[in-house]
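Shown next, in structure tokens, is the structure this report addresses.
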Number of protein chains: 2
Amino acid sequence: MPPRGRRPVGSSDTRQEILTAAGELFAERGFERTTMRAVAARADVDPALIHHYFVNKEGLLAAALVLPVDPAALLAGLDKDPEHAGEALVGRLLGVWEGDPDARHRMVGLLRVGLSHERAAAGLRDLLGRTILIALSRVVAQDHRSLRAALVGSQMGGLLLGRYVLGIPGVRDATPGQLVVAIGPVLQHYLTGPVGGAVAPATASR
Amino acid sequence: MPPRGRRPVGSSDTRQEILTAAGELFAERGFERTTMRAVAARADVDPALIHHYFVNKEGLLAAALVLPVDPAALLAGLDKDPEHAGEALVGRLLGVWEGDPDARHRMVGLLRVGLSHERAAAGLRDLLGRTILIALSRVVAQDHRSLRAALVGSQMGGLLLGRYVLGIPGVRDATPGQLVVAIGPVLQHYLTGPVGGAVAPATASR
DNA sequence: GTCTATAGACGGATAGAC
DNA sequence: GTCTATCCGTCTATAGAC
């Protein structure tokens with residue numbers, strides 16, 4: 001449970017207050033276990049206000065689905081040293097997850113919600129596609145961009161899953177340094193190595 | 001929605017009927033969205049019977065949490081050709097997922113439930129630890145076994161997530177052949193390559 | 001914009017007859 | 001072992017006063 005308590009009273013931006021609370025709760029509990037009442041309580045507003053602003057629970061979810069980190073910033077400068085982009089990428093991501101628990105919780109929450117709810121899965125897919133894929137384009141090899149980006153995403157998503165959600169001992173107890181050494185070359189491979197180009201290249205690049 | 005309808009009337013093993021229905025529904029909808037009533041309806045039994053056999057919903061979940069594939073069988077013979085174990089492993093797993101939709105749904109369901117429910121996450125962690133880790137031990141390098149196994153699991157979990165749950169275009173539209181080419185070397189690296197042994201080896205092998 | 005009150009539905013769980 | 005009946009809590013959503 002990250003930073004609790006009301007904001008400094010000055011900012012009574014109710015709508016934003018609700019959105020923040022909803023983001024936290026969806027991340028913590030998933031869609032079903034998050035009640036409108038709980039969101040209202042955390043945001044310190046009346047439950048009816050949420051309906052006023054977002055119509056219903058799904059509207060609230062849609063509005064609350066945002067990436068907690070800026071992918072562009074995360075990937076900035078990675079193309080300066082393409083040989084070590086893989087290592088740098090794992091390192092930075094782990095840096096965020098280890099150093100900013102709130103951001104980590106939010107990203108875990110995105111996964112949680114995306115898995116628990118059909119509509120949210122679509123929303124998450126679009127969100128990731130519009131942000132990460134585009135941001136990765138600069139550092140990724142020319143061919144099979146979408147496949148490469150997705151492979152990078154799948155590995156990092158799997159790590160997020162194993163380390164922070166399921167708590168698989170092998171990856172939960174590893175140090176960030178170990179993970180960088182182990183996973184860096186893998187991302188490097190996905191970014192610039194051969195990724196199935198020999199097989200049906202026509203269907204791969206869409 | 002896999003094989004519907006009652007079994008051949010001969011086998012009136014109610015308990016098993018319930019367990020099957022519960023496994024399907026938990027996989028399809030996650031923990032919260034699965035209602036006792038729905039399980040009862042699908043198993044064609046009275047809702048009260050479920051309580052009779054499994055006490056409550058969590059008891060039912062615990063009993064329904066089983067791997068749909070035998071890890072030992074999946075990994076059998078992989079140590080015969082250690083150089084290509086990575087490729088073979090992705091290939092076999094993709095073979096199961098592509099060729100056996102029911103098994104795929106069940107595995108996706110395990111992820112879904114593990115993410116949607118704290119207790120289930122613990123159960124899933126133990127289940128994976130007791131089966132996959134042990135099965136992988138034979139083909140994995142001697143050092144950092146638990147880390148290696150977890151890394152393999154994280155990548156395959158991430159692929160499961162991206163390809164079948166979220167439907168990220170890059171991995172959703174790739175052919176199994178492409179994925180084998182792209183991911184095979186990665187698993188190979190996790191199985192036998194250097195995985196952060198230089199950093200704090202003492203804490204790594206637990 | 002904000003809140004009170006409440007409708008309306010559903011789900012988990014239990015008691016107890018058969 | 002199986003089923004009927006039902007309690008009790010909780011949730012989303014809405015109507016309407018202020």
Side-chain angles (χ1 to χ4, degrees), chain A residues 6-65 109 112-113 116-120 123, chain B residues 5-65 109 112-113 115-120 123:
Chain A
R6 277 187 72 82
R7 313 267 179 308
V9 289
S11 64
S12 83
D13 190 359
T14 310
R15 201 191 131 94
Q16 189 53 47
E17 210 92 22
I18 293 173
L19 232 33
T20 302
E24 293 173 4
L25 283 169
F26 280 134
E28 288 171 22
R29 314 184 183 177
F31 183 77
E32 335 285 342
R33 297 180 77 95
T34 297
T35 69
M36 302 290 263
R37 286 158 150 81
V39 173
R42 179 167 296 196
D44 225 330
V45 301
D46 190 278
L49 267 188
I50 307 184
H51 289 98
H52 177 66
Y53 282 118
F54 305 100
V55 183
N56 56 25
K57 199 175 171 181
E58 289 209 350
L60 178 61
L61 173 69
L65 266 192
R112 208 185 291 280
V113 173
S116 78
H117 202 264
E118 189 60 33
R119 282 257 214 344
Chain B
R6 277 186 73 82
R7 311 267 179 309
V9 288
S11 66
S12 81
D13 191 358
T14 311
R15 201 191 130 95
Q16 190 53 46
E17 210 93 22
I18 294 173
L19 232 31
T20 304
E24 292 173 4
L25 283 169
F26 281 135
E28 289 171 21
R29 315 185 184 178
F31 183 77
E32 334 286 340
R33 298 181 78 96
T34 297
T35 69
M36 302 290 264
R37 286 160 151 86
V39 173
R42 179 167 294 197
D44 224 331
V45 301
D46 191 277
L49 268 188
I50 307 183
H51 287 99
H52 177 66
Y53 282 118
F54 305 101
V55 184
N56 56 25
K57 199 175 173 183
E58 289 210 349
L60 179 60
L61 173 69
L65 266 192
R112 207 186 292 281
V113 174
L115 244 83
S116 77
H117 201 262
E118 188 59 33
R119 283 256 215 345

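The chains referred to below are lettered A, B, ... by the order of the sequence lines, with proteins before strands, and numbering in each begins at 1. When reading the values below, keep in mind they use all heavy atoms of this one structure, side chains included, and skip hydrogens, waters and symmetry mates.
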- Query: Among all residues two or more places apart in sequence or in another chain, which pass the ring pair (Phe, Tyr, Trp, His ring centres under 6.0 Å) test with B/Phe31?
  - Reply: B/Phe26, B/His117
For the pair made of [atom1] in [X] and [atom2] in [N], what is the distance, rounded to whole Å?
X	N	atom1	atom2	result
B/Asp46	C/dG12	CG	P	14 Å
B/Arg37	D/dT4	CZ	P	13 Å
B/Glu32	C/dC10	CD	P	18 Å
B/Asp13	D/dG1	CG	C1'	13 Å
B/Glu17	D/dT2	CD	C1'	15 Å
A/Ile18	C/dG1	CD1	C1'	11 Å

Under the side-chain contact (heavy atoms from CB on, under 4.5 Å) test, which residues partner [X], sequence neighbours left out?
X	value
A/Ala62	none
A/His51	A/Met36
A/Ala41	none

- When you measure from the side chain of A/Thr34 to the backbone N and O of A/Leu25, does any donor-acceptor pair fall under 3.5 Å?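 Flag set: sc A/Thr34 to bb A/Leu25 pair under 3.5 Å.
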- Query: Which of residues 48-63 of chain B sit near DNA chain D, with a heavy atom under 4.0 Å from it?
  - Reply: B/Ala48, B/Leu49, B/His52, B/Tyr53
Which residues share a salt bridge (charged side-chain N to carboxylate O under 4.0 Å, His left out) with [X], sequence neighbours left out:
X	result
B/Glu32	A/Arg33
B/Arg119	B/Glu58
B/Arg29	none

- Item | Below 4.0 Å: OP1/OP2 of D/dT2 and any side-chain N or O of B/Thr14 |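 Checking B/Thr14 against D/dT2: at least one side-chain N or O falls below 4.0 Å of OP1 or OP2.
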- Item | Axial bend angle, the helix from C/dG1-D/dC18 to C/dC18-D/dG1: five-pair end segments, nearest 10° | 0°
